[in-house]
Amino acid sequence: MILESHGDACRLGYLRLIACLLEDGSQKSFDFLASILYDMLRNLELYEPLTQKPIGLITRYVNARNYVTLAAEMGFIDRASQTIGEFGKLYLCLDSADKFREFVEGKSIPSHDDLIALNGAERLFFLWVLLSRDYPMIQHVLRWVMGRRSFTRQEAMNQIMEEFYPDSLRKVLSTLDARRREQIMREIEEAEGFKEKRLQIDDKMSWIRSSQYAKYRHIAPPRLEWLVDCGVLRRVGRGKYEVGENYLELGDKVLKLASLKPAKLDNYFFDEFVKLFSKDFSTANRYEISRTMIEVYERMRTLFGDEVSLSTLEYLTIMVLMERGRFADLRTIHSSFNSLALKFPDKIYVIPGRKRNMNVAYISVEEIEV
DNA sequence: AGTACAGTGACATCGGTTTA
DNA sequence: TAAACCGATGTCACTGTACT
C-alpha cells in the first residue's frame with residue numbers, strides 16, 4: 001500500500017519522466033532527481049502557455065519532490081539503491097517511453113498535454129501498477145466508486161479515510177518492519193476515531209482547518225485523481241466525480257478485478273481484463289506477435305539482465321501490441337512463444353527462475369529470423 | 001444576479017531521523 | 001553533532017456553488 005502520498009502528486013504521467021531519467025542505471029538522490037525534474041519542466045511554459053491547467057502540475061521544486069516520493073511508492077524508483085525500480089523498468093519497455101526518453105536526452109520538447117495525458121495502453125499499464133502497489137486501498141476505492149457511479153469529493157474523502165484507510169492499514173501491517181509497524185499501529189488506532197472526531201467538530205470552518213482534514217486531503221484525493229488519469233473516473237465540475245462510461249459498462253468485471261489479492265492480480269488483469277478493451281484494436285497476426293515479443297525481450301534484457309520473466313514478457317507484449325493498435329490475448333501470445341521455442345529449441349527456451357513460480361525466458365535474439 | 005463561504009489547489013514549513 | 005534529508009502536516013488566497 002502506498003503509505004506516503006501528497007495532495008500535489010496526483011498526475012501519474014510525470015512518473016514516466018522519472019523512469020527515463022533513471023534509465024541509464026545511475027543512482028540519483030531524491031533531491032537531485034527532483035531538481036532535474038523541476039528544471040526540465042520550469043521552462044516549458046515559454047514554449048506553450050497553457051490555457052486550462054489541470055491540477056497537480058509541477059510548478060515548484062517542492063512539488064517535484066513530492067512526485068519523486070510518489071515514484072518511489074509506485075515502484076518506479078528503488079528506495080534502497082536510489083536507482084530505477086521494477087515498474088519503472090517495465091514502463092521503459094513500452095513504445096510510449098520514447099517520447100519522454102527523447103525529452104530527457106534533449107532531442108525533443110513535449111507539449112504539456114503529452115506530459116499529462118496517458119494513452120490507452122498507458123492507462124491500463126498504470127491501473128495495473130496502482131492495483132499492484134496500492135493494495136488494498138485502491139481496491140476499496142475502486143469498488144466504492146463503481147457502486148456509487150457519481151459522488152462528491154467530500155463523500156469520498158470521508159469514506160476513504162474513515163472506512164478504507166484504517167482497514168487497509170490493518171491488512172498491510174504484517175508486511176512492515178518492526179519500527180514501521182509500531183508507527184502504523186498508532187495510526188490505525190487514531191484512524192478508528194476519525195469519524196467520531198469529525199462529527200464532534202460542528203463548525204465547518206474549524207473542521208477544514210483541522211489537522212485531521214489536512215491529513216484527509218493528502219491521502220484521499222490523489223487516489224481519485226489517479227483513477228481519473230487511468231480513465232476510470234471523470235471530473236465533473238468542482239469537487240465532483242463520475243465513473244467513465246466504458247468502466248460503467250464493465251461493471252462486474254471491474255468489481256472482480258478489485259476483489260483480487262495481489263497474487264491473483266497479474267493473471268486476471270492480462271488474461272481477462274485487458275481483453276475487454278480489445279474491440280478498439282485489430283487482431284494481431286502470428287508474425288506481428290513474434291516480432292513484437294522479440295523486440296520486447298530485447299528491451300527487457302537490457303534492463304533486467306538475464307532474468308527475463310516469461311510471464312512478464314508476455315504481459316508487456318500485450319501492452320506493446322496495444323500501443324501499435326493490435327490485440328492478442330495471453331493464450332495466443334503464450335502459444336506463439338511455444339511454437340517459436342519448438343522451431344528454435346537451442347535459441348529460445350525457458351528455464352526455472354530463482355523465484356518460485358517464475359520462468360525465465362531466453363531468446364538468442366541475433367540468431368533468430370522470424 | 002449578487003454574495004458569502006465552504007472547499008479547493010498551490011505552496012510552505014516543521015520536527016524528527018539519518019548521514020557524513 | 002551539524003548538516004542534510006525526509007515524511008507529515010500546515011496554511012492561505014482564490015473561486016465555483018449554493019444560497020438568498
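Just so we're on the same page: letters track the sequence lines, and every chain starts at 1.
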*Asks:* If you look only at pairs with a residue in residues 253-272 of chain A, which of them pass as a side chain to side chain donor-acceptor pair (under 3.5 Å), with sequence neighbours excluded?
*Replies:* Trp128(A)-Asp266(A)
*Asks:* Check this for me: does any side-chain nitrogen of one of Asp95(A) and Arg299(A) sit under 4.0 Å from a carboxylate oxygen of the other?
*Replies:* yes
*Asks:* Sequence neighbours left out, what pairs pass side chain to side chain donor-acceptor pair (under 3.5 Å) with at least one residue falling in residues 346-357 of chain A?
*Replies:* none
*Asks:* Expected output is a numbered-order residue list: members of residues 80-87 of chain A with a heavy atom under 4.0 Å from any atom of DNA chain B. What is it?
*Replies:* none
*Asks:* With Val360(A), which residues qualify under side-chain contact (heavy atoms from CB on, under 4.5 Å), at least two apart?
*Replies:* Glu307(A), Ile351(A), Met358(A)
*Asks:* Select one nucleotide: of dG7(B), dT9(C), dG9(B), the one nearest the side-chain heavy atoms of Ser211(A).
*Replies:* dT9(C)
*Asks:* Run the salt bridge (charged side-chain N to carboxylate O under 4.0 Å, His left out) test against Glu196(A) and tell me which residues pass, sequence neighbours left out.
*Replies:* none
*Asks:* Would you mind reading off the distance between Met157(A) atom CE and dG7(B) atom P, rounded to a whole angstrom?
*Replies:* 10 Å
*Asks:* Under 4.0 Å from OP1 or OP2 of dC5(C): is there any side-chain N or O of Arg79(A) that close?
*Replies:* no
*Asks:* Restricting both atoms to N or O, compile the protein contacts to nucleotides 18-20 of chain C shorter than 3.5 Å, with distance only.
*Replies:*
none

*Asks:* Among all residues two or more places apart in sequence or in another chain, which pass the side-chain contact (heavy atoms from CB on, under 4.5 Å) test with Arg291(A)?
*Replies:* Tyr287(A), Val370(A)
*Asks:* Would one find a side-chain N or O of Arg217(A) under 4.0 angstrom from OP1 or OP2 of dT9(C)?
*Replies:* no
*Asks:* Within the structure shown, what part of the strands sits under 4.0 Å from Ile55(A) by heavy-atom distance: base, sugar-phosphate, or nothing?
*Replies:* sugar-phosphate
*Asks:* With sequence neighbours left out, what residues match Arg148(A) under salt bridge (charged side-chain N to carboxylate O under 4.0 Å, His left out)?
*Replies:* Glu155(A)
*Asks:* Check whether the ring centres of Phe103(A) and Tyr14(A) lie less than 6.0 Å apart, and answer yes or no.
*Replies:* no
*Asks:* With a non-hydrogen cut-off below 4.0 angstrom, is Gly56(A) in contact with a base, only sugar-phosphate, or nothing?
*Replies:* sugar-phosphate
*Asks:* What pairs meet the ring-ring contact (aromatic ring centres under 6.0 Å, His included) rule with one or both residues in residues 192-218 of chain A, with sequence neighbours excluded?
*Replies:* His6(A)-His218(A), Phe194(A)-Tyr216(A), Trp207(A)-Tyr213(A), Trp207(A)-Tyr216(A)
*Asks:* Do Glu323(A) and Lys99(A) meet the salt-bridge criterion of a basic N to acidic O distance under 4.0 Å?
*Replies:* no
*Asks:* With 3.5 Å as the limit, what N/O pairs link the protein to nucleotides 12-19 of chain B?
*Replies:*
residue	atom	partner	partner atom	Å
dA12(B)	N6	His6(A)	NE2	3.1

*Asks:* Under the side-chain contact (heavy atoms from CB on, under 4.5 Å) rule, collect the residues that match up with Asp280(A), sequence neighbours excluded.
*Replies:* none
*Asks:* Identify, residue by residue, the members of residues 188-200 of chain A with a heavy atom below 4.0 Å from DNA chain C, and return them in order of residue number, or none.
*Replies:* none
*Asks:* Have a look at Arg186(A) and say if it touches a base, only the backbone sugar-phosphate, or nothing, with a 4.0 Å heavy-atom cut-off.
*Replies:* nothing
*Asks:* CZ of Arg153(A) versus C1' of dT17(C): gap in Å, rounded?
*Replies:* 15 Å
*Asks:* Using a 6.0 Å cut-off, check whether atom CZ of Arg149(A) has over 12 heavy atoms from anything other than its own residue.
*Replies:* no
*Asks:* Quick check on Gln27(A): does its CD atom have over 12 non-hydrogen neighbours (other residues, nucleotides or ligands) under 6.0 Å away?
*Replies:* yes
